[in-house]
Amino acid sequence: MGDTGLKKTHFLILLFAFFCILGTTASASNLIIGNGRIDAIGGTAAFDIILDSAPNGLAGYSINVAIGKPSVATIAAATFPGWVTNNDIIPPLPASSCKLKGLDGEELIQDGAGNIVLATVTLQGLEEGVTPVTLNVVLMSDDDDLDINPTVVPGTLIVELPPLADFSANTT
């Protein structure tokens, strides 16, 4: 093999290595619900469901939200930001789980968007305890009609009543 062939081989190896490194350093999207606390039975807390990055925009989604211990809390309500069109909540709330569906019909979530609030769920405390709040992506697609498969980061809800003072006094 001559000098030209050797240089061409080295160039191709370097090019291949570059694309391998580029491919492994790209970050994946995360779908996050976060953690919260309710300090009274019947009290509520709002949780944003956030997609941290949409490299190719966002066309739409269908996400299941569930309370791990339905005796501790319920999903009392859900709202969508203004950019969401054709939204749906199945079944009607309150419920221990639901499916949230939304479309970006006006293509407002563009390539490279980050920290996108997909919906806000309001949880209501039913009894003291700790419960996971989980998400499951049924379908999520970008503006190129390709699937988005984010890593799901579940949340935790704590329903805890404040301590009560338990003392008495004698008049002297």
Is it the case that one hydrophobic cluster holds both [X] and [Y], taking links as side-chain heavy atoms less than 4.5 Å apart, direct or via other members?
{"X": "F80", "Y": "L93", "result": "yes"}
{"X": "I67", "Y": "I158", "result": "no"}
{"X": "V159", "Y": "L161", "result": "yes"}
{"X": "L126", "Y": "I75", "result": "no"}
{"X": "L135", "Y": "I90", "result": "no"}

Taking all atoms of both residues into account, what is the closest heavy-atom pair of [X] and [Y], and its distance?
{"X": "D111", "Y": "G57", "result": "OD1-N, 3.4 Å"}
{"X": "R37", "Y": "A45", "result": "O-CB, 4.0 Å"}
{"X": "I63", "Y": "I49", "result": "CD1-CG2, 4.4 Å"}
{"X": "L100", "Y": "C98", "result": "CD2-SG, 3.9 Å"}
{"X": "I109", "Y": "A54", "result": "CG2-CB, 4.5 Å"}
{"X": "L123", "Y": "I38", "result": "O-CD1, 3.5 Å"}

Is there a donor-acceptor pair closer than 3.5 Å between any side-chain N or O of [X] and the backbone N or O of [Y]?
{"X": "Q110", "Y": "E107", "result": "yes"}
{"X": "Y61", "Y": "L139", "result": "no"}
{"X": "Q124", "Y": "G42", "result": "yes"}
{"X": "T131", "Y": "L157", "result": "no"}
{"X": "N35", "Y": "T156", "result": "yes"}
{"X": "S62", "Y": "K101", "result": "no"}

Problem set entry | Side chains of V65 and K99 in contact at under 4.5 Å (non-hydrogen atoms) |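 No, every pair of side-chain atoms sits at 4.5 Å or beyond.
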Interatomic spacing from [atom1] in [X] to [atom2] in [Y] - rounded to 0.5 Å:
{"X": "E127", "Y": "I41", "atom1": "CD", "atom2": "CD1", "answer": "7.0 Å"}
{"X": "N30", "Y": "I32", "atom1": "CG", "atom2": "CD1", "answer": "5.0 Å"}
{"X": "T122", "Y": "F47", "atom1": "OG1", "atom2": "CZ", "answer": "10.0 Å"}

For this session: Kindly indicate, with the supporting measurements, whether the criterion side-chain contact (heavy atoms from CB on, under 4.5 Å) is fulfilled by V137 and V152.
Result: CA-CA 8 Å; V137 177; V152 176; 4.2 Å; yes
Problem set entry | S53 vs S29, side-chain hydrogen bond (donor to acceptor under 3.5 Å, both in side chains): CA-CA, chis, key distance, verdict | CA-CA 5 Å; S53 67; S29 297; 3.1 Å; yes
Exercise. Which pairs with one or both residues in residues 143-154 pass salt bridge (charged side-chain N to carboxylate O under 4.0 Å, His left out), sequence neighbours excluded?
Worked result: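 Sorted result for residues 143-154: empty, none.
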For this session: For L31 and V153, run side-chain contact (heavy atoms from CB on, under 4.5 Å): C-alpha distance rounded to whole Å, both residues' side-chain angles, the deciding distance at 0.1 Å, then the answer.
Result: CA-CA 6 Å; L31 185 65; V153 181; over 6 Å; no
Exercise. So L58 and W83, side-chain contact (heavy atoms from CB on, under 4.5 Å) or not? Walk me through it.
Worked result: CA-CA 11 Å; L58 180 66; W83 62 266; 3.6 Å; yes
Problem set entry | Partners passing salt bridge (charged side-chain N to carboxylate O under 4.0 Å, His left out) against E128 (at least two apart in sequence or in another chain) |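 For E128 there are no salt bridge (charged side-chain N to carboxylate O under 4.0 Å, His left out) partners, ignoring immediate neighbours.
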For this session: Go through I116 and L118 one step at a time and tell me if the side-chain contact (heavy atoms from CB on, under 4.5 Å) criterion holds.
Result: CA-CA 6 Å; I116 307 152; L118 303 180; 4.0 Å; yes
